[in-house]
2 protein chains.
Amino acid sequence: MECKNELQQLLADFKANHMPSVSIDCVIFGFHDGQLKVLLLRWKNTDDWCLPGGRIHKQENMDAAAHRSLRERTGLHEIFLQQFHTFGDVNRYRHYSQIETLAKLGLPEDVAKQVVSRDISVGYYALVEFANVVPTPDIFTDECRWWDIQQIPALLFDHNEMVSLALKTLRRQLSYQPIGYNLLPEKFTMPDLQQLYETILGQTMDRRNFQKRMLGYGILKRLDERKIGGAHKSPYLYRFDKEKYEKALETESLFTT
Amino acid sequence: MECKNELQQLLADFKANHMPSVSIDCVIFGFHDGQLKVLLLRWKNTDDWCLPGGRIHKQENMDAAAHRSLRERTGLHEIFLQQFHTFGDVNRYRHYSQIETLAKLGLPEDVAKQVVSRDISVGYYALVEFANVVPTPDIFTDECRWWDIQQIPALLFDHNEMVSLALKTLRRQLSYQPIGYNLLPEKFTMPDLQQLYETILGQTMDRRNFQKRMLGYGILKRLDERKIGGAHKSPYLYRFDKEKYEKALETESLFTT
DNA sequence: TCAAAAGTGTTTAGCATACACCCATGC
DNA sequence: GCATGGGTGTATGCTAAACACTTTTGA
């Protein structure tokens with residue numbers, strides 16, 4: 001009972017500080033071992049996975065709330081983060097047997113209902129450098145780890161749909177904006193970059209044409225160093241010319257207002 | 001006082017039936033006289049204009065709420081309607097001297113504050129056939145009419161920003177999707193269609209190349225009729241091949257999942 | 001010395017642009 | 001008959017795609 005009151009109190013405090021009806025969910029993309037990965041959380045005492053998310057403080061910009069949530073899950077401060085869609089179906093919380101899941105959480109039913117009442121959720125996607133991430137669970141979850149995009153299980157709520165749409169948006173963005181700055185280490189080789197593109201788009205490309213196109217954007221700087229240690233011929237190392245990269249991000253498309 | 005209580009009651013009922021913290025705003029595009037137009041509302045007893053909007057019923061899908069709002073403002077049932085961005089800055093309601101405006105509305109201050117408290121707003125844009133629209137004000141407004149996109153005044157809240165972003169999205173969409181089905185009458189001429197494109201993109205195009213491109217999409221059907229009555233040579237009439245048009249909308253881009 | 005990966009340049013094709021002439025209609 | 005707008009086809013250029021040989025490296 002005391003436990004229940006404590007929970008009620010927690011919930012009341014939470015409600016006082018956060019906007020009701022609206023939540024945020026983040027699809028965090030990372031790249032490692034030639035695989036595109038997504039960061040997922042496992043709910044306490046369950047085998048059920050979901051996307052990291054959060055709520056918006058009453059005096060906080062929505063984008064800031066998304067950044068905060070990201071920071072809490074990954075430890076990263078400067079990240080590429082972009083809104084991609086807002087999900088508002090009444091039944092988006094019923095795709096999966098959430099009642100079972102809530103039961104496993106051990107929450108009293110009325111508390112549980114408030115935790116997952118019908119919400120509008122704003123979906124963001126983030127691109128992060130895999131190696132720098134320290135995956136950190138939140139209070140509802142006891143595990144936070146990367147999943148290969150190909151091997152993502154059935155997620156809670158409408159989160160599988162969110163991942164699909166985020167990936168679709170990422171692919172489209174790739175076709176008119178440079179991407180990679182936030183997904184690769186500072187120094188990388190042209191084959192690294194190509195592998196990233198091929199992984200995101202799910203298709204192979206011609207090495208020579210790819211290189212020509214990338215260099216044509218004028219956002220890469222070839223270093224004097226080469227990557228050593230690998231078998232075979234040592235590839236050159238590149239890094240992004242941040243200034244030009246940012247400019248290319250702003251231009252965004254053929255049609256700028 | 002009674003008036004105030006009545007308002008309080010209205011507000012209480014409203015809050016019981018609608019999701020708090022979230023609203024919807026619609027940028028409704030129409031096309032007439034070679035001009036791209038947007039439907040705006042004038043607040044009661046003021047000269048302040050804003051976008052039509054609404055709230056989401058507790059048991060209503062968000063898209064349905066947007067459609068309902070559109071229907072109420074235009075009388076139209078089947079409309080092209082698409083979410084384009086969600087606005088969540090804390091200060092988005094302070095771009096303009098809203099306090100003055102609220103004063104003019106004649107609402108008691110505490111009621112007024114609740115009416116325009118800080119919200120997340122989901123922006124939709126709609127393409128409608130100008131001639132079929134019956135502009136209809138809502139309870140907060142006493143005028144609803146079309147404005148040339150070039151002549152839109154300073155709007156309340158962040159609504160100018162919303163119009164800009166909606167237009168930008170529309171322009172981008174034009175570059176990889178056919179548009180026109182919802183903006184033109186059933187039968188139209190190639191010059192009509194070109195004028196629509198030129199108006200949206202804000203640039204002129206070559207007649208011959210435009211026609212080649214449009215016919216190349218395979219979504220137009222040339223009718224045997226020609227448009228009569230105009231001066232000069234009578235142009236052919238076309239209409240969209242709805243089936244192929246829909247298919248083209250789904251394909252959406254080079255990169256389909 | 002061999003296999004595997006990386007560096008480099010040329011040819012080709014498809015699509016978008018540029019451009020000019022003839023025809024119909026109302027005044 | 002003439003000014004205006006609409007119908008049609010061809011030449012050109014640029015970007016993206018296709019494609020092959022040489023070089024380096026570790027095993």
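Labels below follow one simple rule: chain letters A, B, ... track the order of the sequence lines, proteins then strands, and each chain is numbered from 1. Because the structure is a prediction, the values reported are computed rather than measured.
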Measure from [atom1] on [X] to [atom2] on [N] and round the result to the nearest Å.
{"X": "B/I228", "N": "D/dG5", "atom1": "CD1", "atom2": "C1'", "answer": "17 Å"}
{"X": "B/Y238", "N": "D/dG6", "atom1": "OH", "atom2": "P", "answer": "12 Å"}
{"X": "A/Q203", "N": "D/dA18", "atom1": "CD", "atom2": "P", "answer": "11 Å"}
{"X": "A/H232", "N": "D/dG26", "atom1": "NE2", "atom2": "P", "answer": "10 Å"}

So do the side chains of [X] and [Y] get within less than 4.5 Å of each other, counting heavy atoms only?
{"X": "A/Y125", "Y": "A/T169", "value": "yes"}
{"X": "B/E143", "Y": "B/L41", "value": "no"}
{"X": "B/T74", "Y": "B/I28", "value": "yes"}
{"X": "B/L155", "Y": "B/W147", "value": "no"}

(message) For a 4.0 angstrom threshold against heavy atoms of chain A, report the outermost contacting nucleotides of DNA chain C in 5' to 3' order.
(response) C/dA4 to C/dT10

(message) Between B/Q82 and B/Q173, is there a side-chain donor-acceptor contact under 3.5 Å, judged purely by atom types and distance?
(response) yes

(message) Under a plain distance cut-off of 3.5 Å, with no hydrogens placed, do B/Y124 and B/D63 share a side-chain donor-acceptor pair?
(response) yes

(request) Run the numbers on A/W43 and A/W49 for ring-ring contact (aromatic ring centres under 6.0 Å, His included), then give the verdict. (result) CA-CA 6 Å; A/W43 278 36; A/W49 293 80; over 10 Å; no

(message) Counting only side-chain nitrogens and oxygens, does A/S234 get under 4.0 Å of the OP1 or OP2 atom of D/dT24?
(response) no

(request) Could you list by number each residue of residues 205-226 of chain B showing a heavy-atom separation from DNA chain C of less than 4.0 Å, or answer none if no residue does? (result) B/D206, B/R207, B/R208, B/N209, B/K212

(request) Determine whether more than 12 heavy atoms belonging to other residues, nucleotides or ligands lie under 6.0 Å from atom OH of B/Y197. (result) yes

